[in-house]
Amino acid sequence: MYALEELKNKIICDDNIRVLSNIPNDSIDLIITSPPYFKQRDYGYIGIGNENTVDEYINKLILVFKECKRIIKSTGSIVFNIGDKYTNGNLNLIPYRFAIEAQKIDNIRLINELTWVKINPSPRQNTKKLVPATEPFFIFTKSKDYYFDNNSFLEYKNLKNKTNTIKNSNIGQKYFNIIDNSTLSNEEKKLAYEELDKVISEVKSGKIESFRMKIRGVHALPYGGQSGGRLNQIQQKGFTIIKIYGNSMKKDIIESTVETIKGNKHPAIYPEFIVGEIIKLLTKKNSIILDPFLGSGTTCVVAKKLNRFYIGIEIFNEYVEYSLERLNKIENMDMEILV
Ligand SMILES: C[S@@+](CC[C@H](N)C(=O)[O-])C[C@H]1O[C@@H](n2cnc3c(N)ncnc32)[C@H](O)[C@@H]1O
């Protein structure tokens, strides 16, 4: 078994299963990785990706995933980015087949599918198919205690919302008159004023972007829903308030270009921007981040820029060398990633 200290900020050239099986239980904060696509590129005879069937490929990934589960802390998470592949014109849905198998493992929860929307996807020759332009980053955890810092994810969105506050200074005033003239009882009106005041403060403080209110006898009723739904609220308390989060809402999509690095020596690099946002979402400074399919070293590069410890595992020596080259270049750089 390795002592964790000896692995910190190291890249190991070996088969990932062999290395992972020697890392202590519950020791890593985040595993973020992108395994080779199924039969997409010939990385040589060793390594995962050139199996005969999709099932064989997924079984191998699951073996790696189980080791990942064992070594992450209960507060940690595992993020797998997997691409899809057509066989005879049929899309295999490989990422989802993998996610379904991973979910069968005890205590594993898929907490988000973060979809990468590619701004500049690779063009395709086949004009009878649309260009695939998305890829999932599946976020798994092994307990409910996982670390999750929504505020640090796409942080510029928080700032954007704060700048809305001045132009919204009159927001919601019209609803006071509407409530006044409505057929709500005095009790209901009192509650409606109170909640209206509250939601207006949320807009002014930048917590939400805007809101709408629906009042019984004034606005058309929405269709039914589960209990506690909008229709119930209107029937029971006389009104409902629909909050609009706008740009400040942290959605499960992230837009980024496909990575292009000058002098790149690896065929399948994932974007530093996305890796950085996920690292900020799921870890604190000085956390330990591991990538078992390191490739060109992107995970380690970003972890280093964001003041986290990294551990990389890559089976091909030439990619280890390239990763080290990239890491050496950031030695004296500003440690924050610019978004
Ligand atoms: C899709 S690439 C990762 C690219 C990486 N995310 C980046 O930004 O450069 C997958 C890498 O996994 C490596 N690999 C495949 N099987 C492996 C194994 N069993 N152990 C360690 N590395 C492996 C391949 O050599 C390849 O470089």
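Counting starts at 1 for both ligands and their atoms, following the listed order. Excluded from the calculations below are hydrogen atoms, water molecules and symmetry mates; all remaining heavy atoms, backbone and side chain alike, are included.
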Task: Atoms in ligand 1 flagged as close to P292, the criterion being non-hydrogen separation under 4.0 Å - done: 21 (C), 22 (N)
TODO: With rounding to the nearest 0.5 Å, note down the distance linking CD1 in I108 to OG in S143.
DONE: 10.0 Å
TODO: Identify, with sequence neighbours excluded, every residue that meets ring pair (Phe, Tyr, Trp, His ring centres under 6.0 Å) alongside Y310.
DONE: none
Open item on the list: For F140 and Y146: C-alpha separation, side-chain torsions, deciding distance, then whether ring pair (Phe, Tyr, Trp, His ring centres under 6.0 Å) applies.
Closed with: CA-CA 10 Å; F140 299 95; Y146 57 89; over 10 Å; no
Task: For Y270, the ligand 1 atoms whose distance to one of its heavy atoms is below 4.0 Å - done: 6 (N), 7 (C), 8 (O)
TODO: Not counting sequence neighbours, list each pair that qualifies as a salt bridge (charged side-chain N to carboxylate O under 4.0 Å, His left out) and has a residue in residues 108-118.
DONE: K118-E135
Open item on the list: When you measure from the centre of the six-membered ring of Y86, is the NZ or CZ of K129 closer than 6.0 Å and no more than 45° off the axis?
Closed with: yes
- [ ] Could you tell me if the ring centre of Y96 sits under 6.0 Å from that of F138?
- [x] yes
Task: Atoms in ligand 1 with a heavy atom of L294 nearer than 4.0 Å - done: 5 (C), 7 (C), 9 (O)
TODO: List every atom of ligand 1 that sits less than 4.0 Å from any heavy atom of F316, numbering the atoms from 1 in the order shown and giving each element.
DONE: 25 (O)
Open item on the list: Between ligand 1 and S34, is the shortest N or O to N or O distance under 3.5 Å?
Closed with: no
TODO: I would like to know whether F80 and F65 meet ring pair (Phe, Tyr, Trp, His ring centres under 6.0 Å); could you show each step before the answer?
DONE: CA-CA 9 Å; F80 266 57; F65 186 87; 5.5 Å; yes
TODO: Would you please determine whether G49 falls within less than 4.0 Å of ligand 1 on a heavy-atom basis?
DONE: no
Open item on the list: Under 4.0 Å, counting heavy atoms only: does D14 come that close to any atom of ligand 1?
Closed with: yes
Task: Heavy-atom nearest option to atom 8 (O) of ligand 1, drawn from I315, V64, T298 - done: T298
Task: Option nearest atom 9 (O) of ligand 1 (shortest heavy-atom distance, choices G295, G83, S296) - done: S296
- [ ] Could you pull out, from V301, D15, N317, I48, the option with a heavy atom nearest to atom 16 (N) of ligand 1?
- [x] I48
Open item on the list: To the nearest 0.5 Å, what is the distance between CD on E277 and CH2 on W116?
Closed with: 14.5 Å
TODO: Just let me know how Y319 lines up against ligand 1, side chain, backbone, both or neither, with a heavy-atom cut-off below 4.0 Å.
DONE: side chain
Open item on the list: Any nitrogen or oxygen of D291, side chain or backbone, less than 3.5 Å from one on ligand 1?
Closed with: no
